Amino acid sequence: MILTRRRRASLLARVSAREPMAEPEPAVRIVDREDYRAARVAFLRRLIDPASARGLEIGAFDLPTVLPEHGACEFADWRSTDELVAMFAVPRETIAPITHVVARGRALSEQITTRYDYVIACHVLEHTPDPIAFLGDAGRLVRPGGIVFLAVPDKRRTADAGRPSTTLDELLERHHAGVTEPPLAQIMQFARAWLPGFDRCSLRELHDFAVRNLASGLADPHCNVWQDEELFAQLEELIANGFLPDLELAACGPNDPAFNEFHVALRRKAA
């Protein structure tokens, strides 16, 4: 930098007056995908060692939590690797290799016969029409003492921030009804929050879109939205009242504002 006489005189005056020089602003580090993976693996390792365990991750797509150098992990998805490559136009080598192609609306534990030391579901629970059924099913995929690890978006860090949080009453209503498809209201709320223009369209347009989306069989909205403490409390209530009889709360990892998610782990009780 070239110093003008005025600038040089100003600096000399500050030095002679022994004024403290301003500290440079620290560089802002952008959190990336590898940071998400590292945070998830660190949380999982508090509960189980992936290097000596066998795991299954549901819906990993192109960001698997446990890499081959971490340990042995299989992958399940509603679509095959070929279907994912074609649908999302991504290189095959970037996708977690799908070991189990499973049907939506059917219990995973009926379609996958292996039992694991841990099961991972990152950004899956919010898409699940019946989280109580999903968690009970995931618990049956692990051996006694095994871990179900969830990474769940904190609504405060996403476009869902303005949506009402999912309540226990809603979870119990859907579970009692045995729903396997997203509720229409959740498709409408999701569209308003996430899809451009739907926050300004008429009620009729939004309703008709949601009906078409549901009829397509491809509806995949955020059926559930929570802040971290809300889901932690709901899980405690569900477990205490016998709705998840085989599971116990193992660990909770509150949201770090640098990320858009929080972590929670459930343990299958000993037989």
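Values below: every heavy atom of this structure, side chains too, minus hydrogens, waters and symmetry copies. All of these numbers come straight from a predicted model, not from anything done at the bench.
Legend: residues meeting side-chain hydrogen bond (donor to acceptor under 3.5 Å, both in side chains) with Q189, ordered by chain and number and at least two apart, are R163.
For H222 against W194, the heavy-atom pair with the smallest separation is CE1-CZ2, 3.7 Å. Across all non-hydrogen atoms, the minimal contact from A265 to F43 is CB-CE2, 3.8 Å.
No more than 12 heavy-atom neighbours from other residues, nucleotides or ligands sit within 6.0 angstrom of CD on E173.
To the nearest 0.5 Å, the span separating CZ on F88 from CG on D62 amounts to 9.5 Å. To the nearest 0.5 Å, atom CH2 of residue W226 and atom CZ of residue F232 are 11.5 Å apart. With rounding to the nearest 0.5 Å, the separation of CD in Q234 from OG1 in T166 is 7.0 Å.
Looking only at distances, a side-chain donor or acceptor of H70 sits under 3.5 Å from a matching main-chain atom of L67. Checking side-chain atoms of R40 against main-chain N and O of A151 turns up no donor-acceptor pair under 3.5 Å.
A salt bridge (Lys or Arg N to Asp or Glu O under 4.0 Å) check over residues 110-123, counting only residues at least two apart or in different chains, returns the pairs D117-R143.
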Would you be so kind as to tabulate the donor-acceptor pairs closer than 3.5 Å made by side chains of residues 122-132, with sequence neighbours excluded?
unit_1: H123; atom_1: NE2; unit_2: E261; atom_2: OE1; d: 2.7
unit_1: E126; atom_1: OE1; unit_2: V124; atom_2: N; d: 3.4
unit_1: H127; atom_1: ND1; unit_2: D220; atom_2: O; d: 3.2
unit_1: H127; atom_1: ND1; unit_2: D220; atom_2: OD1; d: 3.2
unit_1: H127; atom_1: ND1; unit_2: P221; atom_2: O; d: 3.3
unit_1: T128; atom_1: OG1; unit_2: V124; atom_2: O; d: 3.0
unit_1: T128; atom_1: OG1; unit_2: L125; atom_2: O; d: 3.4
unit_1: D130; atom_1: OD1; unit_2: I132; atom_2: N; d: 3.3
unit_1: D130; atom_1: OD1; unit_2: A133; atom_2: N; d: 3.2
unit_1: D130; atom_1: OD1; unit_2: H175; atom_2: ND1; d: 3.2
unit_1: D130; atom_1: OD2; unit_2: H175; atom_2: ND1; d: 3.0

Using side-chain hydrogen bond (donor to acceptor under 3.5 Å, both in side chains), reason through E74 and H100 one step at a time and then give a plain yes or no. CA-CA 8 Å; E74 300 173 7; H100 308 277; 2.8 Å; yes
